[in-house]
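Side-chain atoms are counted along with the backbone in the values below, which use heavy atoms only and exclude waters and symmetry mates.
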Amino acid sequence: MIGGGLGGMAAALRLAELGRDVVLVEADLCGWGASARNAGYITPTLGNDPRILNRFYGDRVRALYKFAGHAVDFTEDLITRHGIDCGYQPTGNIAAAPTAAAFRRMVANGRPGRRSVVGDAAQLGIPPAFPGGIHIKVGGILNPGQLALGVREVVHTSAVRVFEQSPVTGVVDTGDSVRIELPGGRIRARQAILTTNAFTNELPIAPRNLSTPVWVTAVETEPVSAEMMDAAGWTSRTPMTTNHFVMESFRPTNRGTIVFTTRRLQTARRPRADRMPDQAVVDDLVRGFRERFPTLTDVAPARAWGGWIGLTPSNMAVVGRATRRVYYSMACNGHGLPQAPYLGTLLADHLVEKGMHDDLAAVWRESRRFAPGIVNPVTLRLGWLADRLSDRIGRVRR
């Protein structure tokens, strides 16, 4: 295993359970990257607009949604089975409309059912700055750092041999084995799995264009009282994500604070492990928070952090082979918290010849060629501008 995020750790655990001799190599500490720095949502959502899915993935869109739902079930079971204390709350998630026009589209296209409800702000118990939304009653929120540390502890007490602080400098499929180069030596393995997320481009053996590294920023407020939450209209305390081009997210924590993320993304050819949040991006996030929670303008931001995620060209999870003996699993795209460990486990089963699970087949890719993704500094800037223009028009019409 190369890469010690949730996906890599889950794959290593499953392979060890199946009796394989497993080595897990991680450049830093297992779980230190996107696994611990994400927004903390476990959701059954996919990374693409439903209209795009139906147009370009119509033959397997149902299988993709099944995969996403099963990923939530798997990760919830992972937490329960290992008794990981990560503050998991099965609240579901509200896809909140940032404008009245967006809410009308939700109402027109929404299909309420046993596991989802469409409602206006008052019905859903969310701030009136959001005209309404869809409450998807699957999944919930947690502390991602605690989850990553909990899974890391399980890995360290298992039969998996773990090498942390061991950056991989090269991977070579020699034909009869895989040679993994490290600064202090090398590892020879029968097979290898790349779960390297945003850092995939640093390994030449990985398919070109498989991953675009994107920096995501998060901000946490100082404690907010229950009375202030109620006055803001967030009586349900259900976490929210918006359907902007670049989503915004808001969730309460068990510390009585609010964490809000994304809104503005940054990208680079090569991610830097030591990067700190850009103050201009933090300020923009805070500005967005104050627009959505106008009664909480006196609540100060307490801290900010960020991390790299990997985006695939389709903005959805993908698994396949880089060479005959080297496999890859890319399951981030902003939805990796439930999907990465599930896909890692399914891929582990596949490697020991337990067959191709339907959920693995839904995201499996035979071709090793990927078209360049559309995510770059220009498109991200245009997306941010489009979102802000939409917000401004929505406020005027309201």
Side-chain angles (χ1 to χ4, degrees), residues 1-3 5 7-8 10-12 14-15 18 20 46-50 52-71 74 171-180 189-213 309-336 338-375:
M1 296 301 310
I2 302 170
R14 181 59 174 160
L15 287 168
L18 295 171
R20 290 297 177 94
L46 295 168
N48 252 321
D49 184 281
I52 295 176
L53 289 173
N54 287 323
R55 179 176 177 83
F56 296 102
Y57 303 92
D59 59 334
R60 55 191 175 112
V61 66
R62 182 172 296 182
L64 287 168
Y65 277 113
K66 283 186 177 180
F67 150 70
H70 293 160
F74 174 86
V171 180
V172 179
D173 185 338
T174 65
D176 58 353
S177 65
V178 179
R179 189 175 71 245
I180 302 167
R190 179 182 174 188
Q191 295 169 309
I193 301 176
L194 309 179
T195 55
T196 41
N197 193 15
F199 298 88
T200 299
N201 293 351
E202 297 182 3
L203 297 174
I205 198 170
R208 188 178 180 185
N209 300 321
L210 172 59
S211 173
T212 298
I309 65 171
L311 295 185
T312 62
S314 66
N315 203 29
M316 292 191 295
V318 62
V319 180
R321 276 182 167 179
T323 67
R324 191 170 70 87
R325 291 183 176 274
V326 178
Y327 296 75
Y328 63 84
S329 176
M330 269 291 300
C332 199
N333 297 292
H335 303 284
Q339 294 177 12
Y342 183 47
L343 274 187
T345 302
L346 293 179
L347 185 54
D349 283 345
H350 181 65
L351 260 62
V352 297
E353 300 178 352
K354 292 177 70 68
M356 175 79 75
H357 192 285
D358 288 346
D359 289 342
L360 186 64
V363 297
W364 184 271
R365 183 178 174 89
E366 288 292 342
S367 174
R368 298 173 186 175
R369 293 180 177 273
F370 289 84
I374 64 169
V375 174

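With sequence neighbours excluded, no residue forms a side-chain contact (heavy atoms from CB on, under 4.5 Å) with Asp358. By the side chain to side chain donor-acceptor pair (under 3.5 Å) test, Thr200 pairs with Thr196, sequence neighbours left out. Residues that satisfy the side-chain contact (heavy atoms from CB on, under 4.5 Å) test with Arg20, not counting sequence neighbours, are Leu15, Val22, Arg190, Gln191, Val352. Looking at residues two or more places apart in sequence or on another chain, you find a side-chain contact (heavy atoms from CB on, under 4.5 Å) between Ala331 and Ala317, Gln339, Ala340, Leu343. Every side chain to side chain donor-acceptor pair (under 3.5 Å) that His70 has, sequence neighbours left out, goes to Asp359. For Arg324, the side-chain contact (heavy atoms from CB on, under 4.5 Å) partners are Asp173, Arg321, not counting sequence neighbours. With sequence neighbours excluded, the residues satisfying salt bridge (charged side-chain N to carboxylate O under 4.0 Å, His left out) with Asp349 are Arg14. Listed by chain and residue number, Asp176, Ser177 satisfy the side chain to side chain donor-acceptor pair (under 3.5 Å) test with Thr174 (two or more places apart in sequence, or in another chain). Listed by chain and residue number, nothing satisfies the side chain to side chain donor-acceptor pair (under 3.5 Å) test with Glu353 (two or more places apart in sequence, or in another chain). In this structure, the salt bridge (charged side-chain N to carboxylate O under 4.0 Å, His left out) partners of Arg179, at least two apart in sequence or on a different chain, are Glu181. Residues meeting the ring-ring contact (aromatic ring centres under 6.0 Å, His included) test with Tyr327, sequence neighbours left out: none.
Atom-to-atom distance recorded for Leu351:CG and Leu346:CG is 12.0 Å, nearest 0.5 angstrom. Note: His350 NE2 to Ser329 OG = 12.0 Å, rounded to the nearest 0.5 Å.
The two atoms that bring Ala68 and Leu46 nearest to each other are CB-CD2, 3.9 Å, heavy atoms only. Closest heavy-atom contact between Phe370 and Asn209: O-ND2, 3.0 Å. Scanning both residues, Ala11 and Ala348, for their nearest heavy atoms gives O-CB, 3.7 Å. Pairing each heavy atom of Thr345 with each of Ala10, the nearest pair is OG1-CB, 3.8 Å. Considering every non-hydrogen atom in both Tyr328 and Leu347, the closest pair reads O-CD2, 4.1 Å. Scanning all heavy atoms of the two residues, the minimum distance from Ile309 to Ala198 falls at O-CB, 3.4 Å.
Test Asn201, Thr312, Leu311 against Ser211 for side chain to side chain contact (heavy atoms under 4.5 Å, CB included) and you get one pass: Asn201.
Between Val363 and Met316, the closest side-chain pair of non-hydrogen atoms is not below 4.5 Å. Between Ile205 and Val172, every side-chain heavy-atom pair lies at or beyond the 4.5 Å cut-off. Within the 4.5 Å cutoff, no side-chain heavy atoms of Ile2 are placed close to those of Val326.
Between the side chain of Arg325 and the main chain of Gly175, a donor-acceptor pair closer than 3.5 Å is present.
Relative ring orientation between Phe74 and Tyr342 is described as tilted, the plane-to-plane angle lying within the 30° to 60° band.
Within 6.0 Å of CZ in Arg368 there are more than 12 heavy atoms belonging to other residues, nucleotides or ligands.
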Practice prompt. Begin with the C-alpha distance, continue with both residues' side-chain angles, and end with the deciding distance and a verdict on side chain to side chain contact (heavy atoms under 4.5 Å, CB included) for Ile374 and Asn315.
Written response: CA-CA 10 Å; Ile374 64 169; Asn315 203 29; over 6 Å; no

